[in-house]
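So that the names make sense, note that chain A is the first sequence line, chain B the second, and so on, each numbered from 1.
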Amino acid sequence: MSFYNHLKEETLKHISSLYPDIQDPNSFIEIQISNPQYGDYTILSAMKLAKYLKESPIKIANKIAEKFSDDIFSIQVVNPGFINISLKDLTLQNILRDFSIKPFLNNRESPKILIEYVSANPTGPLHIGHGRWAAFGDSLNRLLKDYGFNVQTEFYVNNYGNQMELFTQSIIARMKELLKQDFVFPEGGYLGEYVIDIANKILNKHPILTKEEQNLHFDLIKEEALNIALNEQKETLNNFGVNFDSFFFESKLHEEDKINKIVDILSSKNQTYRKDGALWLKTSDYLDNEDRVLIRENGLPTYFAADIAYHYEKFKRNFDIYINIWGTDHHGYIARLKSALKALGLPEERLIILLGQLVNLYRNKNLIRMSKRTGNMITLKDLLDDVGPDVLRFYLASRSLNSTMDFHIEKAKEVTMDNPLYYIQYACARISSIERNIAEQIPDNIEEYSKYIEGADELEIIKKIDNFDFFREKAVRDYEPYYLVTYMLDLSRLFHIYYQKCRIINDEKTVQWSRLLLITKVHEVLSKGLSYLHIIPLEKM
RNA sequence: GUGCCCGUAGCUCAGUUGGAUAGAGCGUUGGACUACGAAUCCAAAGGUCACAGGUUCGAAUCCUGUCGGGCACGCCA
């Protein structure tokens, strides 16, 4: 266990015994990494407790501090109620000796989480926005799993409705064009080049369509179009290191009559009414600012109705938490969906919708405006071919989901600190290189050499290694994998500084093995961090 | 107009569920390879945390307002 987690447990124990009346002592556990001049970790709990207990924070801090009987660190209470912890050198050596990365929830119950993400319309190729959800969702998945959650991932396929019809009509028009027949391109249809490719593929697969009237085979063409578009999306995602446990087809909800059922349930709960020939859901009784249509005047259900049915089915699967990753352009949709879940009596608080801001794509300093309709776009596949999956994933996952990001294609291809993945990779490559260069047999008990570590730079690195659990916990708490990216850059920096100053390969073997142990642990942590991004550390560059 | 997000160094961004003296990289200027990989390191310069109030032991962080930018406001999906 990291010292950080040890300190958390001890603090909890002491607060519980000092204040047995507090119902949720966990909510008062707050530990941060200190400003170096004050120590290594700082416990902020006394000041949180002071507000709650209406007692002087410094008194509380002193009481907590007295409870700590460990002699493995020094402890100091400072106004207005900071409890500063400074680790002794021997403790740091032991942290290095014992360090390993383990799931935090190892021996506890593992909550089940379903993450739904990407969920693009199967009407064309993925673009960089989908890439962002893919990179983020997959990293979140890997991070939560590593922490100990039981995670499954899902892609919701919107293969039903007007967009799919329009897509099919666009393909049929292109097929007719290829056959030199008269055709009318549908209004608002899909103009992208890829539609012609798909038309060609379908014609090659089904030569009979060249003779027959294509409209008679509308459903067949739609089915083929869906398969081609979806498989291309899957292939792109796979090349991006992103795979899903399940694909849920919207059409299934229609085929199995789930939508009518959900509408009936809502009606039976007196949550609907008729107006202007349509059936409305009383979402404004809950979180929404107006009511929404479930069944249109023409008798067809809305996308919203299908989405309610989808989430109703989702909730039947008994996960503890449902995470949806949506683009910010769907933010207006949250209130109505959560309202519908409330109307159904479902625990909507289990549905966590993470909104991602959009990505602006630049080439040669020009913003590229993309539109699937006009076909003016750079696809995710193009970017993967151009800059490669590692750089793309690193970049897309290295910023908060909540900040709009600019992606400059030229800069992503440069190998500079504008492209910090290489800074981390260079640290990994240097460590691998040293491992290759050490000719002797590495001793089995290399952990025991931790006691020869004593340089300030080295102890600094051990502290940073111990911080891994702190940042992982924070990333899990906020659903923000990028915290680990910032952490990896910091750790890499400490390594590069150290590397510059100290030789690892050394005639003095106790020094050599202790230093090798240290950088091996750095390597382990960096590898773990990169694994969340599905990036393999380089042994050579 | 209404709702959501954002505004930190010339640029791109960090900044600990509010915590101690706001930090990195790029770019600029100067320096370090006869030692494990110089894709590195060291140093300098660079700030009214958009602006104005408020909350409290403490605000870049929370609240209110103003200004600026992005997105969304369909019986499309």
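In summary, the aromatic rings of A/Phe82 and A/Tyr38 are positioned with their centroids too far apart to meet the 6.0 Å limit. Aromatic ring centres of A/Tyr483 and A/Phe471 lie farther apart than the 6.0 Å criterion allows. The distance between the ring centers of A/Phe73 and A/Phe3 falls below 6.0 angstrom.
Nucleic acid contact for A/His330: base, since at least one base atom lies under 4.0 Å from a heavy atom of the residue. Residue-level contact check: A/Lys411 touches neither bases nor backbone, having no heavy atom under 4.0 Å from any strand. No contact: A/Cys428 has no heavy atom under 4.0 Å from any strand. Among the atoms of the strands shown, base atoms are found under 4.0 Å from some heavy atom of A/Asp276.
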Contact string for nucleotides 13-23 of chain B, one letter per nucleotide 5' to 3', B = base within protein heavy-atom range under 4.0 Å, S = sugar-phosphate only, - = neither, reads SSSBB-BBB--

5' to 3', nucleotides 39-46 of chain B under a 4.0 Å protein heavy-atom cut-off (B base, S sugar-phosphate only, - none) gives BBSS----

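For the pair A/Gln233/A/Pro125, no side-chain contact is recorded, criterion being any heavy-atom separation below 4.5 Å from C-beta on. Under the 4.5 Å side-chain criterion, counting only non-hydrogen atoms from C-beta, A/Trp326 is not in contact with A/His331. A/Ile31 is not listed as a side-chain neighbour of A/Phe470, based on a closest heavy-atom distance of 4.5 Å or more.
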Base-pair string, RNA chain B, Watson-Crick plus G-U, cut-off 3.5 Å on both distances, | for inter-strand, is (((((((..((((.....[...)))).(((((.......))))).....(((((..]....))))))))))))....

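Relative to the ring axis of A/Tyr286, A/Lys342 does not place its NZ or CZ within 45° and under 6.0 Å from the centre.
Between A/Glu458 and the options A/Lys501, A/Arg515, A/Lys463, a side-chain hydrogen bond (donor to acceptor under 3.5 Å, both in side chains) holds for only A/Arg515.
Distance A/Leu337 CG to B/C73 P: 16 Å, rounded to the nearest Å. Residue A/Glu55 contributes atom CD, which lies 16 Å from atom C1' of B/C57 at whole-angstrom precision. If you take CG of A/Asn121 and C1' of B/C76, they are 10 Å apart, rounded to a whole angstrom. Atom CG in A/Asn360 sits roughly 16 Å away from atom P in B/C6 (whole-Å rounding).
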Show the numbers, then the answer: is there a salt bridge (Lys or Arg N to Asp or Glu O under 4.0 Å) between A/Asp490 and A/Arg493?
CA-CA 5 Å; A/Asp490 285 344; A/Arg493 179 166 303 110; 3.3 Å; yes

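In this model, a side-chain donor or acceptor of A/Gln163 finds a partner on the base of B/C76 within 3.5 Å.
No hydrogens or angles considered: a donor-acceptor pair under 3.5 Å links the side chains of A/Glu473 and A/Tyr4. Between the side chains of A/Tyr41 and A/Asn467, a donor-acceptor pair is found at a separation under 3.5 Å.
Of the residues in residues 291-298 of chain A, those lying under 4.0 Å from RNA chain B by heavy-atom distance are A/Val293, A/Arg296, A/Glu297.
Between B/G37 and A/Asn437, a contact under 4.0 Å exists linking OP1 or OP2 to a side-chain N or O. Close to B/C5, at under 4.0 Å from its OP1 or OP2, lies no side-chain N or O of A/Thr328.
Summary of the strand contacts: A/Glu290 and A/Tyr333 both lie near RNA chain B, and taking for each the nucleotide with the nearest heavy atom, the more 5' one is attributed to A/Glu290. Along RNA chain B, the nucleotide nearest to A/Met164 and the one nearest to A/Asp490 differ in position, and the one closer to the 5' end is contacted by A/Asp490.
Among residues two or more places apart in sequence or in another chain, the salt bridge (charged side-chain N to carboxylate O under 4.0 Å, His left out) test is passed with A/Glu165 by A/Lys222.
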Throw together a table of side-chain donor-acceptor distances under 3.5 angstrom for residues 22-29 of chain A, partners on residues two or more places apart or in other chains.
{"residue": "A/Ser27", "atom": "OG", "partner": "A/Asp24", "partner atom": "O", "Å": "2.7"}

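The CD1 atom of A/Ile352 sits 10.0 Å away from atom CG of A/Asn324, with the distance rounded to the nearest 0.5 Å.
Across the C1' atoms, B/C26 and B/A14 are found 14 Å apart, a figure rounded to whole Å.
The listed nucleotides are B/A72, B/C36, B/C75; the one nearest the side chain of A/His331 is B/A72.
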